[in-house]
Colleague: 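Okay, handing you the structure first.
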Amino acid sequence: MDYRMLLIKYAEIGTKGKNRYVFEDILCKRMRARLRPFGKFEVRREYGRIFVEAFSEYDFDDVIHVLKQIFGIVGICPVYVVEQPTYENITAGLVQYVEKEYEDKHFTFKMHVRRNDKNFPISSMDMNARLGGELLDRYSEEGLSVDVHEPQELINVEIRNRAYIYSKVIPGPGGLPVGTNGKAISLLSGGIDSPVATYMIAKRGVEMEAVYFHAPPYTSERAKDKVKELGRIVAQYAGPIMLHIIPFTDCQLAIYDNCPHDQLTIIMKRFMFRMAQDLAEKNDCQCIVTGESIGQVSSQTTFSLGVINEVAKIPVFRPCIGMDKQEIIDLSEKIGTYETSVLPYEDCCTTFVAKHPVTKPTLEMIEKSEQKLKGIMEPLYEKAIADEEIVVLR
Ligand code: ATP
Ligand code: MG
C-alpha cells in the first residue's frame, strides 16, 4: 500500500494570528520546491491543515527524508485515503491501514472519528464505537485493546468527500519556515560549531548567508571546499545559502606583522566582524551569527567575546553560547555536519594562533594595538571585500 497523501502538522506557526497565512504560504512554497525532484505533488491548505498529495509514483523514504528537513514541520502523518467513504469502504480501509502499519497488534488504541461531511449517515460517536469494534473483532486475540484515556495509538478517521485514516506521526524538525524572520549572515568556518549555529538560527525561520575568511596558502583549497560542503549540508535545511569567500591573507599578515602576537586572534576576529557587518549591510542581513561558546578557547572568554563584540553595531547571535562541546557535537551528528567538520584541514585561526593568547583582553589594550594598523589596513580591508568570491550553496 502506497500512501497517496501526507498530513503535515505544524505547531508554532499555528499560533501567529493573522500572520498565520503568511507562514503557511511560505511553508507550502518551501515544501513544493523541495518535493519537486521527487515526483508530482500537490501541496495544499485545507481546513487549517497542510496536505501533500502525490499524483505520481514516488519513493516514500526519500520524500519523508526531505520533509524532515523543512523547518516549520512538526509531524508528518502518512494518510490512507478511502475514495468512496461508505461504512464498508471505511472499514476495509481501516483494516488495510492497521495491517500495514502495525505488524504487532499488541497495543492499546482509541478511535477518533471526525465527520466533516454531515451527510454521512452515522454520527462520529457511533463511528468510534463501530470502527473500534471492527478492529477488536479482528485483532483482540492478537493483543489489541481499547484504552480511551491513555491509548498508545490514536487512530484518526476524517470523513469528508473522501475519508482519511492516519495514526502515525513521523517527527519533523520543528522551528519556523525559513523566510519568515529576516536574514542573517553567519561566520562559517570549517569547524563543528559554526555549521550548528547556522542551522539553529535558520531553524527560527531566518534566511542565511555566510562568510568564510580564507587565507591561502596558510589555509588550503581543501579547507575552502570543506566549508562549502558544510554550507551545502546546512542548506538542505536552510535553503540556498550565499557564501561570501573573503581572501583574508593580507589582512592577517598585516595584523601578524604589526600587533602583539598574544592578541592576534582577538584583533583578527574584530576584523572578521567588521567585514561581516559590511557584508550584512550590503546584503540586507539584520544580524550576524557565530559558533562561539563561552570558554571554549581563549578568544571565547567573556572578556574576549566582549572586546570582539564591541565592533558590531548589529546584533550578533551565538546560539551555541551556553552549550557544552558534546551537546554541539550531538547536534552536528544529528544534522549531518559532524563527519565533514572533523576532517583535518587547517583553519586560519589556528595557523596564526599564539602560544599564550590573552584571555583577559581589554578594549583599551586592543584598540591601542589596532592603532598600529592605521594606514596599512584600510586598503587591504577594501581589497579583501572587493575580491570576494561568491558561491550559492544548495
Ligand atoms: P568552529 O567550530 O565553528 O570553527 P571554533 O570552536 O573553531 O569554531 P574559533 O575558531 O574561535 O572557534 O571561531 C569562533 C567562531 O568564529 C566560529 O564559530 C566562526 O563562527 C567564526 N570563525 C572562525 N574562523 C572563521 C573563518 N575562517 N571564517 C569565518 N568565520 C570564522
Ligand atoms: Mg574554527
Side-chain angles (χ1 to χ4, degrees), residues 184-201 208-216 218-231 233-234 241 243-249 251-252 255 263-280 287-305 307-309 311-312 316-321 323-329 331-333 335 337-354 357-359 361 384-385 388-389 393:
I185 187 157
S186 181
L187 275 78
L188 189 61
S189 60
I192 296 170
D193 310 324
S194 50
V196 169
T198 310
Y199 168 92
M200 287 172 83
I201 296 299
M208 300 303 300
E209 294 203 6
V211 53
Y212 167 58
F213 298 94
H214 186 43
Y218 305 100
T219 50
S220 66
E221 204 60 20
R222 290 205 302 177
K224 182 162 99 176
D225 289 342
K226 180 182 166 183
V227 172
K228 287 188 196 167
E229 182 51 29
L230 287 168
I233 298 169
V234 176
I241 295 176
L243 173 67
H244 304 262
I245 300 166
I246 304 286
F248 200 54
T249 315
C251 295
Q252 212 161 15
I255 300 169
Q263 298 173 14
L264 284 183
T265 314
I266 307 286
I267 296 173
M268 205 171 67
K269 281 272 155 65
R270 279 164 61 92
F271 278 101
M272 288 184 180
F273 270 49
R274 289 183 179 106
M275 287 187 187
Q277 181 154 280
D278 285 354
L279 290 170
C287 43
I288 294 170
V289 176
T290 80
E292 289 159 321
S293 164
I294 291 180
Q296 225 188 61
V297 286
S298 63
S299 57
Q300 296 178 26
T301 65
T302 53
F303 303 94
S304 303
L305 288 168
V307 172
I308 294 167
N309 196 69
V311 300
V316 180
F317 296 136
R318 302 171 172 90
C320 300
I321 198 73
M323 293 168 81
D324 291 344
K325 193 71 190 186
Q326 191 57 48
E327 291 171 318
I328 303 172
I329 289 173
L331 190 45
S332 77
E333 282 178 332
I335 67 177
T337 51
Y338 182 74
E339 276 182 28
T340 308
S341 286
V342 293
L343 293 174
Y345 301 127
E346 62 297 320
D347 178 4
C348 69
C349 295
T350 47
T351 313
F352 287 87
V353 85
V358 284
T359 53
I385 295 263
E388 72 168 333
E389 177 195 338
L393 306 174

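Predicted, not measured: the structure shown is a model, and the values here were computed from it. Start at 1 and go down the list; that is how both ligands and their atoms are numbered.
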Colleague: I'd like the name of whichever of E292, K269, M272 reaches closest to atom 9 (P) of ligand 1 through any heavy atom.
Modeller: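 Looking at heavy atoms only, the winner is K269.
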
Colleague: For ligand 1, indicate whether the residue S299 contacts it via side chain, backbone, both or neither (heavy-atom separation under 4.0 Å).
Modeller: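 The answer is the side chain of S299.
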
Colleague: In terms of atom number and element, which parts of ligand 1 are under 4.0 angstrom from non-hydrogen atoms of G191?
Modeller: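 Listed by number with element, the hits are 1 (P), 2 (O), 4 (O).
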
Colleague: Under 4.0 Å from ligand 1, counting heavy atoms only, is it the side chain of V211, its backbone, both or neither?
Modeller: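 Backbone only.
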
Colleague: Of all heavy-atom pairs between T249 and P216, which one has the smallest distance, and what is that distance?
Modeller: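 Heavy atoms only, the tightest pair is OG1-O, 2.7 Å.
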
Colleague: For residues M275 and A384, report the shortest heavy-atom separation together with the two atoms involved.
Modeller: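 Heavy-atom minimum between the residues: CE-CB, 3.9 Å.
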
Colleague: Closer than 4.0 Å to some heavy atom of T290 - which atoms of ligand 1 meet that?
Modeller: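 Near T290, the atoms of ligand 1 are 20 (O).
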
Colleague: Looking only at side-chain N and O atoms, does T265 offer a donor or acceptor that is under 3.5 Å from a partner on S299?
Modeller: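 Note: S299 and T265 side chains miss the donor-acceptor criterion.
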
Colleague: Taking N or O atoms only and a 3.5 Å limit, does G190 qualify as a polar contact for ligand 1?
Modeller: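 By distance alone, the answer is no.
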
Colleague: Going by an N to O cut-off under 4.0 Å, is there a salt bridge joining E389 and K224?
Modeller: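 Yes, E389 and K224 are salt-bridged.
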
Colleague: Measure the CG-CG distance between L187 and D193 for me, rounded to the nearest 0.5 Å.
Modeller: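 Rounded to the nearest 0.5 Å, the CG-CG separation comes out at 12.5 Å.
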
Colleague: Have S304 and T301 got a donor and an acceptor in their side chains that come within less than 3.5 Å?
Modeller: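 Yes - a donor-acceptor pair under 3.5 Å links their side chains.
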
Colleague: Kindly indicate whether a cation-pi arrangement holds for R274 with F271, taking the cut-offs as under 6.0 Å to the six-membered ring centre and within 45° of the axis.
Modeller: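 Yes, cation above the ring, under 6.0 Å and within 45°.
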
Colleague: Is the closest N or O pair between D193 and ligand 1 shorter than 3.5 Å?
Modeller: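 So ligand 1 has an N or O lying under 3.5 Å from an N or O of D193.
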
Colleague: With a heavy-atom distance limit of 4.0 Å, tell me whether Q300 approaches ligand 1 through its side chain, its backbone, both, or neither.
Modeller: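 Q300 to ligand 1: side-chain contact only, backbone stays beyond 4.0 Å.
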
Colleague: Does ligand 1 have a heavy atom under 4.0 Å from the side chain of L188, from its backbone, from both, or from neither?
Modeller: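 Backbone only.
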
Colleague: Check each atom of ligand 1 against the heavy atoms of Q296 and keep those under 4.0 Å away; list them by number with element.
Modeller: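 What qualifies from ligand 1 is 6 (O).
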
Colleague: Please check if any side-chain donor atom of N309 sits under 3.5 Å from a side-chain acceptor atom of R270, or the reverse.
Modeller: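 Their side chains do not contain a donor-acceptor pair, so the 3.5 Å distance test is not met.
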
Colleague: I'd like to check which ligand 1 atoms, numbered from 1 as shown, lie under 4.0 Å from a non-hydrogen atom of V297.
Modeller: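 In order of number, 11 (O).
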
Colleague: Using distance alone, decide if ligand 1 has a nitrogen or oxygen within less than 3.5 Å of any nitrogen or oxygen in Y212.
Modeller: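 No - when backbone and side-chain N and O of Y212 are compared with those of ligand 1, no distance drops under 3.5 Å.
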
Colleague: N/O of P195 under 3.5 Å from N/O of ligand 1, yes or no?
Modeller: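 Checking ligand 1 against P195, no N or O pair falls under 3.5 Å apart.
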
Colleague: Kindly confirm or rule out an N or O of L187 lying under 3.5 angstrom from an N or O of ligand 1.
Modeller: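 Between L187 and ligand 1 (N or O atoms, distance only) the closest approach is under 3.5 Å.
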
Colleague: Would you say Q326 has more than 12 foreign heavy atoms packed within less than 6.0 Å of its CD?
Modeller: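 Above 12, so yes.
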
